[in-house]
Amino acid sequence: MYRVVEIEEVRDEAKDVKTFFFRDTSNPQPGQFYMIWIPQVDEFPMSISYIGELKGFTVKKIGKGTTKMHSLQKGDKLWLRGPYGKGFKIEEGKALVVGGGTGMATLAPLAEMLGNKDIIIAAKSEDEIIFRNRFKENVFFATDDGSLGFKGFATKLAERMIEEDDYKIIYTCGPEMMIRKMVDIAKERKIKIQASLERYMKCGIGICDSCTINGYRVCVDGPVFSEEILFSMDDLGRRWRAKSGKSISKEENHDIGEKSQ
Amino acid sequence: MYRVVEIEEVRDEAKDVKTFFFRDTSNPQPGQFYMIWIPQVDEFPMSISYIGELKGFTVKKIGKGTTKMHSLQKGDKLWLRGPYGKGFKIEEGKALVVGGGTGMATLAPLAEMLGNKDIIIAAKSEDEIIFRNRFKENVFFATDDGSLGFKGFATKLAERMIEEDDYKIIYTCGPEMMIRKMVDIAKERKIKIQASLERYMKCGIGICDSCTINGYRVCVDGPVFSEEILFSMDDLGRRWRAKSGKSISKEENHDIGEKSQ
Amino acid sequence: MLETVVSGIRFSNPLLLASGIMDETADSMIRISKSGAGGIVTKSIGMEEREGYENPVVYELPNGLGLLNAMGLPNPGIENYKNEIKNALKGGVPVIGSIFGKDAGEFLYLSKRMEDYGVHAIELNLSCPHAKGYGMEIGVDENLVEEIVNEVKKSVNIPVWAKLTPNTHKIVDIAKAAEKADALVLINTVRGMAIDVDARVPVLKNVYGGLSGPCIKPIGVRAVYEVYRETQKEIVGVGGILNGRDALEYIMAGAKAVQIGTAIYYRGVGVFHEIASEMREWMKKNKVSKIKELVGIAQVR
Amino acid sequence: MLETVVSGIRFSNPLLLASGIMDETADSMIRISKSGAGGIVTKSIGMEEREGYENPVVYELPNGLGLLNAMGLPNPGIENYKNEIKNALKGGVPVIGSIFGKDAGEFLYLSKRMEDYGVHAIELNLSCPHAKGYGMEIGVDENLVEEIVNEVKKSVNIPVWAKLTPNTHKIVDIAKAAEKADALVLINTVRGMAIDVDARVPVLKNVYGGLSGPCIKPIGVRAVYEVYRETQKEIVGVGGILNGRDALEYIMAGAKAVQIGTAIYYRGVGVFHEIASEMREWMKKNKVSKIKELVGIAQVR
Ligand SMILES: Cc1cc2nc3c(=O)[nH]c(=O)nc-3n(C[C@H](O)[C@H](O)[C@H](O)COP(=O)(O)OP(=O)(O)OC[C@H]3O[C@@H](n4cnc5c(N)ncnc54)[C@H](O)[C@@H]3O)c2cc1C
Ligand SMILES: Cc1cc2nc3c(=O)[nH]c(=O)nc-3n(C[C@H](O)[C@H](O)[C@H](O)COP(=O)(O)OP(=O)(O)OC[C@H]3O[C@@H](n4cnc5c(N)ncnc54)[C@H](O)[C@@H]3O)c2cc1C
Ligand SMILES: Cc1cc2nc3c(=O)[nH]c(=O)nc-3n(C[C@H](O)[C@H](O)[C@H](O)COP(=O)(O)O)c2cc1C
Ligand SMILES: Cc1cc2nc3c(=O)[nH]c(=O)nc-3n(C[C@H](O)[C@H](O)[C@H](O)COP(=O)(O)O)c2cc1C
Ligand code: FES
Ligand code: FES
């Protein structure tokens, strides 16, 4: 069953990224996602990026469904099911939040709840940075081209910061190659880590096996996984599944290839 | 869905009448009934005659199902659905309880709850009287042959008692002809009355129309009806429905003909 | 707002009482009429008086899934049914006389009697066991369906509705075989059964029964959608309607009216009034002024 | 206590994973094996790689009724599936390779490949759209079913199971047409659909989908009971099994094993362990020492 929500506000966040605000009876945890259905167009998964009374999805335009969504305005409707999946678990100690691209949308409501934390917001360039003004303190930017903040990959900035501070937990979301790298860093440095993964989803409810990575269903067992599982995920950043379920390596995965690390 | 209960005790009540005690999670009101299924034999409606921790059905042996039931012993099982229907509503003021035959089984748990009351227990003869010792006070017996208490119909004894006392409410159950008569008496004397009716039941849940009398389903709208409805029931004691649904008059109704008034 | 016309008969609302539920006695039918039903379909009536199967005839599925029933077509027989119809008509809403038979001859006779009694339309219950074969239903045999519908159509002057079974892969073919009917009624119950694990036997005395209620709604909506797509016929939808949205779902699939049975078990006799107001509320909110604007609107072209 | 043998294959318990649910990737199949399933049926695999239909492909029916799905048979294609089978076999329980094709030739080819890959048995998914006709399923055509089963039986040395559709009135005839199969699997999903009233369109991209879960259990139990009565075949029951009693209901109807799909959605991956212990508990209480004592016990003679 879907329920219908009305868009109450649309906000431009960055190039091709908008946040859609709505009210809904559900009570999501940071890291959980919904399936958004736009009738006769598409249905796709979307993390919750604002979890208060007024909830939000922060959506990057990349294909059929998200392009249609970007044409929607205040008063238009969205069909939802969810919230689904397991969100972040808040751990003791200073946290490092590392968000790449719209991955920051997934992390934002968590970051707002954390006390002692540093946040890295990364993107290819300044015009793709989201939530530039959402956090008042302890925010660091990284862009591939250096147009805002640190010049280079988020993972590089993160490594430097980890050398200088005693983080107890890393929370991350973004391109899978970036997550892979952050997981490797965490393993090496023996820091706890939670990452929210994205895999191609069909059912969203754990039955179709399309989002599975090493036997873990991103939609139900995740999307947020902790270090014990992340460290064991051989396929993370290495092997994907085509829509058919066929196993494909990094080289064959054109979708992933396009995305920045 | 049926649930299974175990018979914990079987008690002889009168000729061809036994009470079967069992424990069950349901919480019936006096006047409500259950559908008892004896697998591969029959399913039939039965009023609850004891409503405490240990519940009871008081069953007269009259046909296939009840005969099989009479052969059951402690440790044997019954399949139940229910409780169904609307029970008695307790009214203010002195009550007259008039039970004919196993009709007394339906009334007994109510009678136990009433404060100020007189009880008439009636049957053809002494050996058919049930619950002879269940009530300590204010109990009057009536038998057609005078073998116990008043000689004659319960309705006659009731009329006499009503002349001498100021009853505010009559509760009755028994052969339909007796109920018809009690309803007429109540109407004439402007006394409130509640009667529990019996009609041939199939579904027990208000859909099959087999137990309907003047548009009221005994299984759902009853079995207990109050004066407003009872006074309007033209068919009460006059027209029945065959198993086929065919309308039949008193003369054609052999089952009823056999029963004492 | 809710008025609808099916086979030329005007109903004040599209919520009709389904055959077999609280519609054997005239008093019950009058009661349902007064409770807000737009029309009444009688219990299916046959040539002879029948007691139906022994108990248990009904099984309540757990968790609100629905009911399983094997009543066994109890009915007083057509000759004894005259008075019930005569009285049922006093309810003030159209009465559709449902009939079942073993062949075209029986259907023909029953239809004429029903017409004499004064019903507004005939509903042919084509879902009973087929006398010639074994275990098969009349309603899965295109030739028989065609013959019955055509014969009955030739001999009565009131509209004829054909009620089809969902228990086949040929529902569209059967619908086409019934094309002379003035309207199609979809669906009858779905063949099923239940075993009581503790008793280790089937629950229903007849073993097999018909599923009704919420569990069959997706099957009924599919049947209406499919048949509406493939035929030009007027359709009455039935199966698992519990609330206003369910009724609207059938209408959007292609039904001009719907029938309601098992919902009486779940929501009581007031269900007709309640569903009507749920529909009106949705229509107001969605600025739809007439139900007919919604008929078949969900068809993907 | 729960051991069972179907077509000569020994399963430590009768609870197998149904085709299409968490069984496209080897890792998932291994996980389900380790979660207590007695055996695994793979996703149905065809000749070519297929992406399946676009979203929405699944609809969650309200109130625990079940699911509607139209995945569109996504699969990597038989050539790409070798490694998945090889790895899935490491789960340590029998793996049954499910296949679908448009004619006997395709089924034949797919069966041989599956046999090469090392599966313990083949499951023929006879419920896909029939290439020759339109909208019909292979599984309602006795001749095709017979041809496919016989051809496959002739050319492989492992047991062959035939999975039948409930969407027909001819299930017993089809079962007889498949008599050369070593076991019959009953039932696949029931054809249905859902319309979103607010959107005014069907929910599934494919419009029509297959019903699974609690709402189809009475249909599945009926199919098993009926077919067991009329044939001497070994049967695997499937459809709406959510708990130990449901599994026992199928077994009492005549199934030697059962498959579980949608229950994973309702109860999680632990459902195999849980159902097994629910069954054991009932058996202890009812003094039944072997599951095979219960097979078909509810048949009324
Ligand atoms: C748990 C989760 C949370 C997500 N949260 C966000 C978010 O907060 N903000 C955001 O902008 N994006 C998010 N995404 C990604 C988002 O789902 C895709 O951008 C969206 O599905 C694209 O749909 P489309 O119809 O526009 O693209 P399409 O035209 O369908 O395809 C374009 C590309 O998007 C990818 N994609 C398409 N559909 C899916 C799908 N169902 N699941 C995963 N990938 C898909 C494909 O790999 C394809 O290359 C999330 C994905 C997941 C799995
Ligand atoms: C609401 C209600 C409460 C009842 N409470 C009691 C009670 O507390 N104690 C008691 O002894 N009896 C009670 N009865 C009557 C009891 O249901 C019948 O005696 C029983 O159904 C007979 O079943 P059988 O299989 O033995 O008889 P059968 O062999 O089926 O038939 C024998 C006779 O019993 C009548 N009868 C059969 N089945 C039913 C049925 N389903 N509904 C109504 N009448 C039926 C028939 O008219 C028939 O003449 C009650 C009936 C109803 C409707
Ligand atoms: C107890 C019961 C008896 C029924 N009897 C008949 C009948 O006599 N004739 C008929 O055409 N349909 C009969 N039906 C089928 C209903 O008319 C209807 O098609 C079916 O129940 C689906 O609708 P629902 O889910 O609203 O009940 C009966 C259904 C039930 C539950
Ligand atoms: C999402 C989904 C996908 C399915 N895919 C297949 C399939 O590929 N092949 C097949 O034979 N059955 C398939 N089925 C049917 C199941 O194997 C099973 O027959 C049906 O779901 C009924 O069982 P359940 O109620 O336990 O789910 C699928 C079912 C679902 C829900
Ligand atoms: S999307 Fe189907 S299992 Fe995750
Ligand atoms: S017994 Fe069926 S309506 Fe009362």
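Here the structure is a predicted model, which means the values were calculated and not measured. Note on naming: letters A, B, ... go to the chains in the order of the sequence lines (proteins, then strands), and numbering restarts at 1 for each one.
Both the backbone and the side chain of A:Arg217 come within less than 4.5 Å of a heavy atom of chain D. With a 4.5 Å cut-off on non-hydrogen atoms, D:Asn80 touches chain A through its side chain but not through its backbone. Looking at D:Lys205, only its side chain comes within 4.5 Å of chain A, counting heavy atoms on both sides.
Annotation for D:Val58 and A:Tyr2: closest pair O-OH, 4.3 Å, computed over non-hydrogen atoms. Listed here is the closest heavy atom pair of A:Tyr216 and D:Arg31: CA-NH1, 4.0 Å. Listed here is the closest heavy atom pair of A:Gly206 and D:Met22: O-CG, 3.5 Å. For the residue pair D:Asp27 and A:Asn214, the shortest heavy atom distance occurs at OD2-CA, 3.0 Å.
Counting heavy atoms from C-beta on, the side chains of D:Asn69 and A:Ile207 never come closer than 4.5 Å. Using a 4.5 Å cut-off on side-chain heavy atoms (C-beta onward), D:Arg200 and A:Pro39 make no contact. The shortest distance between side-chain heavy atoms of A:Trp37 and D:Asp196 falls below 4.5 Å. Residues D:Tyr81 and A:Lys246 form no side-chain contact, since every pair of their non-hydrogen atoms from C-beta on lies 4.5 Å or further apart.
Between A:Lys202 and D:Glu24, no side-chain nitrogen of the basic residue sits less than 4.0 Å from a carboxylate oxygen of the acidic one, so the salt-bridge criterion is not met. One finds a salt bridge joining A:Lys64 and D:Glu54 here, because a Lys/Arg side-chain nitrogen approaches an Asp/Glu carboxylate oxygen to under 4.0 Å.
Ranked by heavy-atom pairs under 4.5 Å with chain A, the list D:Pro56, D:Ala26, D:Ser28 is led by D:Pro56. The greatest number of non-hydrogen atom pairs below 4.5 Å with chain D, out of A:Met201, A:Lys77, A:Met35, A:Arg81, is found for A:Arg81. Interface remark: of the candidates D:Asp198, D:Leu73, D:Ile21, D:Thr25, D:Thr25 forms the most heavy-atom pairs closer than 4.5 Å to chain A. Most heavy-atom pairs under 4.5 Å with chain A, from the set D:Val57, D:Leu61, D:Val203: that is D:Val203.
No more than 12 heavy-atom neighbours from other residues, nucleotides or ligands sit within 6.0 angstrom of CD on A:Gln73. The local environment of CD in D:Glu48 is sparse, with at most 12 non-hydrogen atoms from other residues, nucleotides or ligands closer than 6.0 Å. Heavy-atom contacts from other residues, nucleotides or ligands closer than 6.0 Å to CD of D:Glu79 number more than 12.
For the atom pair CG of D:Asp23 and SG of A:Cys208, the computed distance is 10.5 Å after rounding to the nearest 0.5 Å. The line from CD of D:Glu51 to OG of A:Ser210 is 11.5 Å long, rounded to the nearest 0.5 Å.
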**Candidate pair A:Asp209 and D:Lys43, rule side chain to side chain contact (heavy atoms under 4.5 Å, CB included), full reasoning** = CA-CA 10 Å; A:Asp209 214 15; D:Lys43 176 84 196 149; over 6 Å; no

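Of all residues spanning residues 41-55 of chain A, those with a heavy atom less than 4.5 Å away from chain D's heavy atoms are A:Val41, A:Asp42, A:Glu43, arranged by number. At a heavy-atom cut-off of under 4.5 Å, chain A is reached by D:Ile264, D:Tyr265, D:Val269 from residues 262-273 of chain D, listed in order of number.
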